[in-house]
J.: 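Below you will find the structure I want to go over with you.
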Amino acid sequence: FPYTTLFRSAVPFIKNAANTNGIIYFDIGFPADVLSSADYPLLPAFADCVTECGWKNLGWAKASEECALNTGGLGVNLLTMEGPCTERARELSKKYNWIGRDWVIFRMSMLEEKCEQAMSLLGDCLSGVDFSDEKRVQDILTESRNDFESSVIPDGHTFVANRVWCSLARKNAVDEIWNGLSQYFSIKRIAAAPVSETAASFRRIFSEIKSGGAFIHATAENSGFEKLCSILPCFINKTGVSAPKNPRKSDDGEFFALTKIEGELSADSDSEAFVTSSQVGYASECIPASKYGDETSCTEEVCTHWLSNNLLWEKIRTIGGAYGAFCNAEPMVGALIFTTYRDPSPFDSCDAFERCLKEASELDFSEEDVICAVMGCYSHFIQPQSPKGSGSSALTRLLYGICDEDREKKILGILHSTPESLKAGFKRLYEYAFGEKSSNFKKRSIICDKKSLSKHSFAGKIVHLPL
């Protein structure tokens, strides 16, 4: 991949050349994993505030105006990474200390002719934000809390999916801490806390991640890279960024503990029901599957595509009345995730999923079945992307440690699926779901109303969501 280090700073500079019509898409990422685990619940709120509070002599309104005049947008994303267990990925992670880590990424787009002004603004933001406008901070925190609360019902399928696999790997736990129902409770606490204390925590977090070093990434044309490279030395000196330092040593259990949500617990601790006032529900179940790089993982992705578009569609959408029902292989952690969307019978749907898995394991597939499922899977790899999307995807793969050789191997494995391998894949998944391998793995999570809960003898944890 196009990679160099910037001048004497040794900051990694990752380039994606593309026809961007004179636009530069610029990222600078700071490591989140130099922080303690206790700071992780604060990071989504920090990301919402850091570019929206003004900096140096600019109030937030003037800073927003300047960004609108000189950039196509300035914002912050949080990314958590944990690479595949392939030989090439292990080589990359040993060679570069910025692969397979957690990041706070500042993202900005700009026209080539506005590059100097935009980079100056970003430099001022990185060196001048102090969260001193506490009224603005509180307004953003309140808005973030309200937005998150209003997203739980419309996006319930993502929340239950996060819950069922958050205990499988550190990456999944971090994703739940930042984007799941754990964050719902965190943002409520943060918005209710004294804003002066929160602002002080944000200042400390910002100082610590900046001292942890950074990488720089850009998607641009050659002329854009020339313009950017002429400005970057001044930007590096202004912001004081350096090469990424190694992550803080921490125990994965610290992150798993942050995903625990208190509730009324009965016999089954591997099932959760989140009770709301909504008339629709969501269900998710997690079972073991093959890991990325295993020969069997490619076939299992074809299996999940076929299952989503055939038996699950028929049994849960057409007969059960859910608006959506789908399953996805998650080979990075070796899991298969089943989820429903706007489901009138979420408790029944998990049982129906297991019956569908059993039925699929007993079917004989035709060549036409396999061709349709393979093409459906393969299409995800060849979908056209915008230059911005293509650059972002390439950066994400690199930060995961996914190389072109591993991707090609995966694609070829999907394309070489046969009726026999599909049948064997479903049999294997069924054995995973009901065999010894599932004993500490299989989990269920459901969002429902009180009426649905009362109709079922649910034996798991019950959490009431005061939405």
Side-chain angles (χ1 to χ4, degrees), residues 5-14 26-58 60 63 66-67 71 73-81 96-108 110 118-134 136-137 140 174 177-178 190 197-218 228 231-250 395 399:
T5 54
L6 282 170
F7 322 110
R8 288 171 294 181
S9 67
V11 174
F13 183 25
I14 304 154
F26 183 85
D27 304 321
I28 179 167
F30 299 95
D33 50 19
V34 297
L35 301 169
S36 73
S37 58
D39 288 326
Y40 269 57
L42 286 163
L43 283 174
F46 167 84
D48 288 340
C49 291
V50 66
T51 60
E52 299 291 336
C53 292
W55 48 79
K56 289 196 170 179
N57 297 322
L58 293 180
W60 70 269
E66 290 295 317
C67 283
T71 78
L74 171 61
V76 178
N77 291 118
L78 303 176
L79 289 179
T80 176
M81 306 290 177
Y96 305 111
N97 76 337
W98 37 268
I99 286 179
R101 299 183 58 181
D102 303 332
W103 296 100
V104 180
I105 302 180
F106 287 70
R107 292 191 149 150
M108 179 175 70
M110 53 196 160
M119 292 299 291
S120 178
L121 272 172
L122 179 58
D124 288 342
C125 173
L126 295 177
S127 59
V129 170
D130 63 3
F131 304 99
S132 58
D133 187 348
E134 294 184 355
R136 176 62 176 166
V137 172
I140 295 172
V174 172
I177 293 165
W178 285 348
I190 294 166
E197 295 178 7
T198 304
S201 295
F202 287 171
R203 284 190 286 273
R204 176 183 53 77
I205 286 172
F206 203 17
S207 174
E208 289 184 22
I209 64 171
K210 286 191 294 182
S211 65
F215 73 80
I216 288 175
H217 166 260
L228 195 58
I231 295 169
L232 281 174
C234 180
F235 177 81
I236 294 289
N237 290 332
K238 183 176 186 178
T239 57
V241 297
S242 59
K245 295 180 174 58
N246 290 329
R248 183 186 186 124
K249 291 184 179 180
S250 59
L395 174 64
L399 293 178

J.: Are C49 and R136 close enough, and set up right, to give a side chain to side chain contact (heavy atoms under 4.5 Å, CB included), and what steps lead you there?
T.: CA-CA 9 Å; C49 291; R136 176 62 176 166; over 6 Å; no
J.: Can you see which heavy atom on S120 is nearest to which on K238, and at what distance?
T.: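 Minimum heavy-atom separation between S120 and K238: O-NZ, 3.2 Å.
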J.: Please report the interatomic distance CE(M81) to CG(L399), rounded to the nearest 0.5 Å.
T.: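 The CE atom of M81 sits 4.5 Å away from the CG atom of L399.
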J.: If you take all heavy atoms of P41 and I190, which pair is closest and at what distance?
T.: O-CD1, 3.7 Å
J.: When rounded to the nearest 0.5 angstrom, what is the spacing between CG in L78 and CG in D102?
T.: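 These two atoms lie 9.0 Å from each other.
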J.: Listed by chain and number, what are the ring-ring contact (aromatic ring centres under 6.0 Å, His included) partners of W55, not counting sequence neighbours?
T.: none
J.: Output, in order, the C-alpha distance, side-chain angles, deciding distance and verdict of side chain to side chain contact (heavy atoms under 4.5 Å, CB included) for I28 and L122.
T.: CA-CA 10 Å; I28 179 167; L122 179 58; 4.3 Å; yes
J.: So which heavy atom on C53 is nearest to which on D133, and how close?
T.: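 Taking C53 first and D133 second, the nearest heavy atoms are O-CB, 4.3 Å.
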J.: What pairs with F30 under ring-ring contact (aromatic ring centres under 6.0 Å, His included), at least two apart in sequence or on another chain?
T.: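 F30 satisfies ring-ring contact (aromatic ring centres under 6.0 Å, His included) with F106 only.
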J.: Ignoring hydrogens and geometry, is there a side-chain-to-backbone donor-acceptor pair from S211 to E208 under 3.5 Å?
T.: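 Indeed, once roles are kept as given, a pair shorter than 3.5 Å links the two residues.
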J.: Tell me if a side-chain donor or acceptor on R203 pairs with a main-chain N or O of D130 at a distance below 3.5 Å.
T.: yes
J.: May I ask you to decide if the ring planes of Y40 and W178 are parallel, tilted or perpendicular, using 30° and 60° as cut-offs?
T.: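 Aromatic pair Y40/W178 classed parallel.
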J.: Below 4.5 Å, heavy atoms only, C-beta onward: do P12 and Y96 meet side chain to side chain?
T.: no
J.: Report yes or no: does D27 contribute a side-chain atom to a donor-acceptor pair with the main-chain N or O of I105 at less than 3.5 Å?
T.: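 Not a single qualifying donor-acceptor pair exists.
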J.: Within the 4.5 Å heavy-atom criterion, are W103 and L395 side-chain neighbours or not?
T.: no
J.: Carefully, step by step, assess L121 and M108 under the rule side chain to side chain contact (heavy atoms under 4.5 Å, CB included).
T.: CA-CA 10 Å; L121 272 172; M108 179 175 70; 5.7 Å; no
J.: Looking at CG of L232 and CE of M119, how far apart are the two atoms once the value is rounded to the nearest 0.5 Å?
T.: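 Here the rounded value is 5.0 Å.
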J.: Where is the tightest heavy-atom contact between I209 and P31, given as atom of each residue plus distance?
T.: CG2-O, 3.6 Å
J.: Kindly indicate whether the side chain of R248, heavy atoms from C-beta on, has any atom under 4.5 Å from the side chain of S37.
T.: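 Not touching, per the 4.5 Å side-chain cut-off.
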J.: Please give me the minimum heavy-atom distance between A243 and A10, naming the atom from each residue.
T.: CB-O, 3.3 Å
J.: One pair to check against side chain to side chain contact (heavy atoms under 4.5 Å, CB included): L74 and E66. What are the steps and the verdict?
T.: CA-CA 11 Å; L74 171 61; E66 290 295 317; over 6 Å; no
J.: Report the distance from atom CZ of F13 to atom CD1 of I236, rounding to the nearest 0.5 Å.
T.: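 Answer for the CZ-CD1 pair, F13 versus I236, is 9.5 Å.
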J.: Write down the atom of G54, the atom of V129, and the distance for their closest heavy-atom approach.
T.: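 Heavy atoms of G54 and V129 come nearest at O-CG2, 3.8 Å.
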J.: Using 0.5 Å steps for rounding, measure from the CG atom of N246 to the CZ atom of R101.
T.: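 One gets 6.5 Å once the value is rounded to the nearest 0.5 Å.
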J.: Does the K210 side chain pair with the main chain of L126, one donor and one acceptor, at a distance under 3.5 Å?
T.: yes
J.: Between CH2 of W60 and SG of C67, what distance do you get to the nearest 0.5 Å?
T.: 12.5 Å
